[in-house]
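The structure under discussion appears below in the form of structure tokens.
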Amino acid sequence: MGFEVSDELLGTFVPVLIYWAYSGIYVVLDSFENYRLHTRKDEDEKNLVSKRTVVKGVLLQQTIQAIVAILLFTVTGNDGGDSGVKPSFIDLARQFVTAMIVLDTWQYFMHRYMHHNKFLYKHIHSQHHRLVVPYAFGALYNHPVEGLLLDTIGGALSFLLSGMSPRASIFFFSFATIKTVDDHCGLWLPGNLFHVFFSNNTAYHDVHHQLYGSKYNFSQPFFVMWDRILGTHMPYSLEKRAGGGFEVRPKKVDKEN
């Protein structure tokens with residue numbers, strides 16, 4: 001008898017493996033100084049946490065996410081995975097788009113509230129902003145409470161409200177993981193399709209990690225619609241930096257925000 005791994009188990013652990021594999025690629029590419037949004041010196045001097053601590057923090061969050069995912073799959077059962085009826089491409093596309101919108105909406109409002117609530121920012125969300133110069137494997141470096149509220153609960157809601165099966169969730173959460181890592185990679189690489197198809201990209205999120213942009217560009221990980229609708233969108237220009245690489249420069253925004 002062959003050894004089979006359930007869709008629920010794959011949906012729990014494949015995104016974790018992809019997180020570290022995709023981050024590892026960017027660790028290698030990080031040596032390409034001509035594509036960095038910040039210099040290596042800035043990364044060393046401005047970041048307020050060691051990479052060892054970041055790795056430990058991410059592993060803690062992924063452990064919590066795995067536990068919640070297993071509980072969620074157990075409670076909801078495998079209605080979508082073993083029904084014998086394969087969803088059509090249109091059904092899958094609808095589920096993916098729904099999940100993306102749900103995840104974006106939940107994370108925008110929770111993320112924005114954590115910035116405007118001084119207690120939550122000081123004691124919880126500021127941990128993520130210790131990475132003033134983001135890098136790939138720091139994408140999920142958050143306070144455990146923030147990881148639970150934004151990522152884990154947001155992911156659970158997107159799974160439940162979209163109606164996707166555990167099998168479909170493998171692909172959706174793997175894609176969301178890759179996108180999140182890419183947004184934090186700190187590199188502006190030529191031919192990056194995420195930069196072609198998504199306005200919410202590496203440079204867009206880099207603005208938010210800077211002091212001047214901390215009250216803007218809350219949207220993550222896919223679209224920028226809520227920033228545009230609610231006036232928290234900060235446009236930027238991407239310019240060549242003397243000595244190599246790129247620099248994100250903010251453009252003027254209304255002061256009413």
Side-chain angles (χ1 to χ4, degrees), residues 37-38 42-43 45-49 53-54 57-58 60-62 64-65 100-158 176-177 179-186 194 198-238 247-257:
L37 296 182
H38 297 271
D42 281 345
E43 179 181 313
E45 293 181 352
K46 293 183 177 181
N47 285 345
L48 305 175
V49 61
T53 300
V54 168
V58 172
L60 173 60
Q61 176 165 329
Q62 290 176 328
I64 296 172
Q65 286 180 337
M100 291 166 77
I101 293 173
V102 169
L103 187 59
D104 267 28
T105 300
W106 176 264
Q107 292 202 347
Y108 174 86
F109 287 101
M110 289 298 298
H111 184 196
R112 182 174 177 176
Y113 184 65
M114 285 191 173
H115 272 270
H116 286 279
N117 184 294
K118 294 182 179 179
F119 178 85
L120 290 178
Y121 184 82
K122 179 180 179 180
H123 296 284
I124 296 178
H125 187 56
S126 62
Q127 177 168 323
H128 182 67
H129 280 273
R130 292 176 185 172
L131 292 178
V132 179
V133 178
Y135 47 78
F137 63 86
L140 290 183
Y141 176 66
N142 298 311
H143 189 284
V145 173
E146 177 178 350
L148 179 64
L149 290 176
L150 262 73
D151 298 318
T152 307
I153 293 180
L157 288 172
S158 64
T177 296
K179 179 65 171 62
T180 299
V181 169
D182 200 87
D183 290 346
H184 290 81
C185 71
F194 287 124
F198 292 93
S199 298
N200 194 341
N201 52 41
T202 310
Y204 186 87
H205 192 65
D206 184 79
V207 169
H208 177 73
H209 271 261
Q210 309 312 308
L211 183 60
Y212 61 76
S214 63
K215 292 297 191 334
Y216 299 92
N217 294 12
F218 295 110
S219 293
Q220 53 185 32
F222 300 111
F223 310 117
V224 301
M225 59 183 181
W226 289 115
D227 276 321
R228 290 189 179 276
I229 292 171
L230 298 176
T232 54
H233 177 266
M234 177 178 280
Y236 63 89
S237 62
L238 198 62
E247 184 174 0
V248 179
R249 291 184 179 273
K251 295 182 179 179
K252 291 183 179 180
V253 295
D254 295 333
K255 298 299 182 182
E256 61 188 37
N257 298 313

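Being a predicted model, the structure only gives us computed values, none of them experimental. FYI, the numbering just counts along the sequence from 1.
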Practice item. Quick one: list whatever passes salt bridge (charged side-chain N to carboxylate O under 4.0 Å, His left out) with Asp151, sequence neighbours left out. Key: none

4.5 Å side-chain heavy-atom contact, [X] and [Y]:
X      : Y      : result
Tyr135 : His184 : no
His115 : His129 : yes
Trp106 : Leu157 : yes
Thr105 : Met225 : yes
Leu238 : Leu37  : yes
Phe218 : His208 : yes
Pro221 : Gln107 : yes
Tyr204 : Asn201 : yes

Gap between atom [atom2] of [Y] and atom [atom1] of [X] - 0.5 Å precision:
X      : Y      : atom1 : atom2 : value
Tyr121 : Gln127 : OH    : CD    : 11.5 Å
Tyr108 : Thr232 : OH    : OG1   : 3.0 Å
Ser126 : Met114 : OG    : CE    : 10.5 Å
Ile124 : Leu149 : CD1   : CG    : 7.0 Å
Lys46  : His209 : NZ    : NE2   : 13.5 Å
Lys179 : Leu103 : NZ    : CG    : 11.0 Å

Please give me the minimum heavy-atom distance between [X] and [Y], naming the atom from each residue.
X      : Y      : value
Leu148 : Ile64  : CD1-CG2, 4.4 Å
Val248 : Val207 : CG1-CG2, 3.5 Å
Arg112 : Leu230 : NH1-CB, 3.6 Å
Ala136 : Val181 : CB-CG1, 3.7 Å

Review point. Parallel, tilted or perpendicular: which fits the ring planes of His123 and Phe119, with parallel below 30° and perpendicular above 60°?
Key: tilted

Exercise for review: Fit a plane to each ring of Phe194 and Phe198, take the angle between them on a 0 to 90° scale, and name the class: parallel (under 30°), tilted (30 to 60°) or perpendicular (over 60°).
Suggested key: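 If you compare the ring of Phe194 with that of Phe198, the planes turn out tilted.
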
Practice item. Take Val58 and Val54 through the side-chain contact (heavy atoms from CB on, under 4.5 Å) test and state the conclusion after the steps. Key: CA-CA 6 Å; Val58 172; Val54 168; 4.3 Å; yes

Exercise for review: Find out whether the Lys NZ or Arg CZ of Lys251 is both under 6.0 angstrom from the six-membered ring centre of Tyr236 and within 45° of the ring's axis.
Suggested key: no

Review point. In terms of side-chain heavy atoms, does Asp227 have a donor or acceptor partner in Ser219 at a distance below 3.5 Å?
Key: yes

Practice item. For the residue pair His128 and Asn142, confirm or rule out a side-chain donor-acceptor distance under 3.5 Å. Key: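 Indeed, the side chains of His128 and Asn142 share at least one donor-acceptor pair under 3.5 Å.
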
Whether the side chain of [X] engages the backbone of [Y] through a donor-acceptor N/O pair (distance < 3.5 Å, no angle test) should be reported.
X      : Y      : value
Asn217 : His233 : no
Thr53  : Val49  : no
Ser158 : Val102 : no

Review point. Are there more than 12 heavy atoms of other residues, nucleotides or ligands under 6.0 Å from atom CD1 of Ile229?
Key: yes

**Study point:** Other residues, nucleotides, ligands: >12 heavy atoms within 6.0 Å of Tyr212 OH
**Key:** yes

Practice item. Evaluate the criterion side-chain contact (heavy atoms from CB on, under 4.5 Å) for residue pair Gln220 and Leu150; output intermediate values, then yes/no. Key: CA-CA 10 Å; Gln220 53 185 32; Leu150 262 73; 3.7 Å; yes

Check your understanding: Under the criterion ring-ring contact (aromatic ring centres under 6.0 Å, His included), which of His111, His116, His143 is the partner of His125?
Key ->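 Passing option: His111.
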
